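Down below is the structure, laid out as structure tokens.
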Amino acid sequence: MTKNIYVLAEHRKGALRDTTWEAIAAGRKLSSELGADLVCVLLANNSAQMAEQLAAETPRVLVVDNPVFQTMNSEAVIKTLQEILKPAGSYLLLMGASNAILDLAPGVSVALDAALATDCFSVEVKDGALLASRQMYSYKINANVSFKNSDRVVLTLRTGAFPFAPSGGAKGTIENMACPIDPTSLRKRFVEYVEAEKGDVDIASADIIVSIGRGIGDEPDLDIFQSLSDTIGGVLACSRPIVDKNLLPKYHQVGTSGIEVKPKVYLALGISGAFQHLGGIKGSPLLIAVNKDPRAPIFRVANYGIVGDLNEVVPALEEKIKELKG
């Protein structure tokens with residue numbers, strides 16, 4: 001039986017990342033189902049403010065404050081987690097499935113001799129056993145993963161799959177621990193952040209997305225789609241064929257080869273629903289699809305669907321929205 005559930009807090013440039021809060025949301029759920037204690041591990045520099053934020057949402061925060069943790073150094077984190085978790089016996093370690101964790105999680109699993117499941121979009125306890133759901137074969141198959149005979153488990157959690165609701169009432173304890181490693185012995189060092197190119201829109205943080213695909217035609221009037229997006233207060237995005245045709249810049253592309261998004265509403269116009277595109281849509285948005293092909297795969301996952309000509313449906317939809325808005 002798992003005694004403790006640990007959440008590794010992820011931060012960047014002195015601020016906690018959303019992945020941390022989503023991991024805490026999953027940890028709360030499993031803590032209740034397993035009857036285990038929830039502990040947040042913060043490895044940071046000048047950590048006081050972040051520690052207070054975490055203590056407001058978790059019952060216990062374990063802090064190691066050292067300049068070596070100013071940035072995410074996977075070697076330093078792995079060695080420190082070894083020292084923290086070595087006496088813990090059985091445990092579950094949760095962390096977000098971010099780019100930084102891609103480097104960290106496998107190393108943690110090996111160092112701790114723990115089972116590992118990555119990019120999990122669901123976790124539950126059934127008949128006393130931990131189960132995690134993840135996708136395989138380029139998002140074509142959903143797999144339910146169990147951890148037979150494993151008393152140490154590491155999970156990374158898909159961005160947007162575990163909505164966090166702040167309570168602010170935990171009043172958790174903050175425990176400071178001396179850095180258990182020698183920073184001068186590390187072979188890896190941080191060089192610099194290189195910010196990704198940013199355009200005129202940020203589809204990754206948008207709550208409402210109007211996304212267009214191959215079905216809009218070879219010579220489309222993009223203004224009608226931009227107008228619809230503006231009317232509903234959204235941003236315009238697309239699938240890969242639109243970028244390949246140079247109709248929209250790369251930073252508008254949703255998908256496994258584009259940008260991952262987690263909107264509340266996703267309106268897919270002329271998008272077939274290939275797994276590469278759907279793999280970039282995180283969480284569980286209200287998905288509305290419009291496509292002239294009634295057999296398009298997008299309809300299998302859409303909450304609502306319209307089979308019809310975009311040139312007729314889009315203007316009618318915009319007019320109706322304007323009417324409802326008064």
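Because only heavy atoms are used, hydrogens play no part in the values below, and waters and symmetry mates are left out as well, while side chains stay in. Bear in mind the structure is a predicted one, so any value in this text is a computation, not a measurement.
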Please identify each residue that fulfils salt bridge (charged side-chain N to carboxylate O under 4.0 Å, His left out) with E33, with sequence neighbours left out.
K29

Inter-residue atom distance Y6.OH - L93.CG, 0.5 Å rounding
9.5 Å

Got I281 and V301 here, is their nearest side-chain heavy-atom distance under 4.5 Å?
no

CA sep, side-chain torsions, deciding dist, call: V290, V314, side chain to side chain contact (heavy atoms under 4.5 Å, CB included)
CA-CA 9 Å; V290 182; V314 170; 5.8 Å; no

Rounded at 0.5 Å granularity, tell me how far CD in E319 sits from CG in L324.
10.5 Å

Who are the salt bridge (charged side-chain N to carboxylate O under 4.0 Å, His left out) partners of K292, not counting sequence neighbours?
none

Restricting to pairs with a member in residues 294-311, which pass salt bridge (charged side-chain N to carboxylate O under 4.0 Å, His left out), not counting sequence neighbours?
D293-R295

Euclidean distance, C238 SG relative to K250 NZ, rounded to 0.5 Å:
9.0 Å

The side chain to side chain contact (heavy atoms under 4.5 Å, CB included) partners of I84 (sequence neighbours excluded) come to V41, L43, L62, V64, T80, M177

Before you tell me yes or no, could you show the steps for L267 and L317 under side chain to side chain contact (heavy atoms under 4.5 Å, CB included), namely the whole-Å CA-CA distance, both residues' side-chain angles and the distance that decides it to 0.1 Å?
CA-CA 11 Å; L267 180 55; L317 184 58; 4.1 Å; yes

Joint hydrophobic cluster, L248 plus V201, side-chain heavy atoms closer than 4.5 Å
no

Which pairs, with at least one residue in residues 14-65 and sequence neighbours excluded, count as a ring pair (Phe, Tyr, Trp, His ring centres under 6.0 Å)?
W21-F164

Within-4.5 Å side-chain heavy-atom neighbours: I208 and P263:
no

What's the separation between atom CE in M95 and atom CG in L8, rounded to the nearest 0.5 Å?
5.0 Å

Would K188 and S74 satisfy side chain to side chain contact (heavy atoms under 4.5 Å, CB included), going step by step from the backbone distance to the final call?
CA-CA 8 Å; K188 180 182 288 188; S74 59; 2.6 Å; yes

Do E10 and S98 get their side chains close enough for a donor-acceptor pair, meaning under 3.5 Å?
yes

Would you say that V7 contacts L38 through its side chain, given a criterion of any heavy-atom pair below 4.5 Å between the two side chains?
yes

Answer whether the closest heavy-atom distance between the side chains of I212 and L222 falls below 4.5 Å.
yes

With sequence neighbours excluded, residues passing side chain to side chain donor-acceptor pair (under 3.5 Å) with R214:
none

Partner residues of A114 under the side chain to side chain contact (heavy atoms under 4.5 Å, CB included) criterion, sequence neighbours left out:
L112, R152, V154

Using the rule given for side chain to side chain contact (heavy atoms under 4.5 Å, CB included), can you reason through L54 versus L42, listing the C-alpha separation, both sets of side-chain angles and the distance that settles it, and then say yes or no?
CA-CA 9 Å; L54 293 170; L42 175 61; 4.1 Å; yes

Are I259 and D202 side-chain neighbours, meaning at least one heavy-atom pair lies under 4.5 Å?
no

I need the full list of salt bridge (charged side-chain N to carboxylate O under 4.0 Å, His left out) pairs touching residues 228-249, with sequence neighbours left out, sorted by first then second residue.
D218-K245, R240-D244

Partners passing ring-ring contact (aromatic ring centres under 6.0 Å, His included) against Y304 (at least two apart in sequence or in another chain)
none

Distance in Å, N4 CG paired with L34 CG, rounded so as to fall on 0.5 Å steps:
11.5 Å

Who else is in the cluster with F190 when I, L, V, M, F, W and Y are joined by side-chain contacts under 4.5 Å?
Y193

Does atom CD of Q226 have more than 12 heavy-atom neighbours from other groups under 6.0 Å away?
yes

Tell me if a side-chain donor or acceptor on S31 pairs with a main-chain N or O of A36 at a distance below 3.5 Å.
yes

Pairs in or reaching into residues 79-92: which pass salt bridge (charged side-chain N to carboxylate O under 4.0 Å, His left out), with residues at least two apart or in two chains?
E75-K79, E83-K86

Check for me, please, whether V243 and L278 land in the same ILVMFWY cluster - side-chain distances under 4.5 Å, paths through other members count.
no

Please list all pairs passing the side-chain hydrogen bond (donor to acceptor under 3.5 Å, both in side chains) test where one or both residues lie in residues 162-173, with sequence neighbours left out.
E57-S167

Partner of Q135 under side-chain contact (heavy atoms from CB on, under 4.5 Å), picked from N142, D119, I141, is N142

Test item: I298 and L287 side chains (from C-beta on) under 4.5 Å apart, heavy atoms:
yes

Any side-chain donor-acceptor pair under 3.5 Å between K322 and T231?
no

Indicate, with yes or no, if V108 and V110 share a hydrophobic cluster defined by side-chain heavy-atom contacts under 4.5 Å among Ile, Leu, Val, Met, Phe, Trp and Tyr.
no

Sidechain N-carboxylate O distance under 4.0 Å for E22, K262:
yes

Taken to the nearest 0.5 Å, the spacing of I224 CD1 from S229 OG works out to 12.5 Å

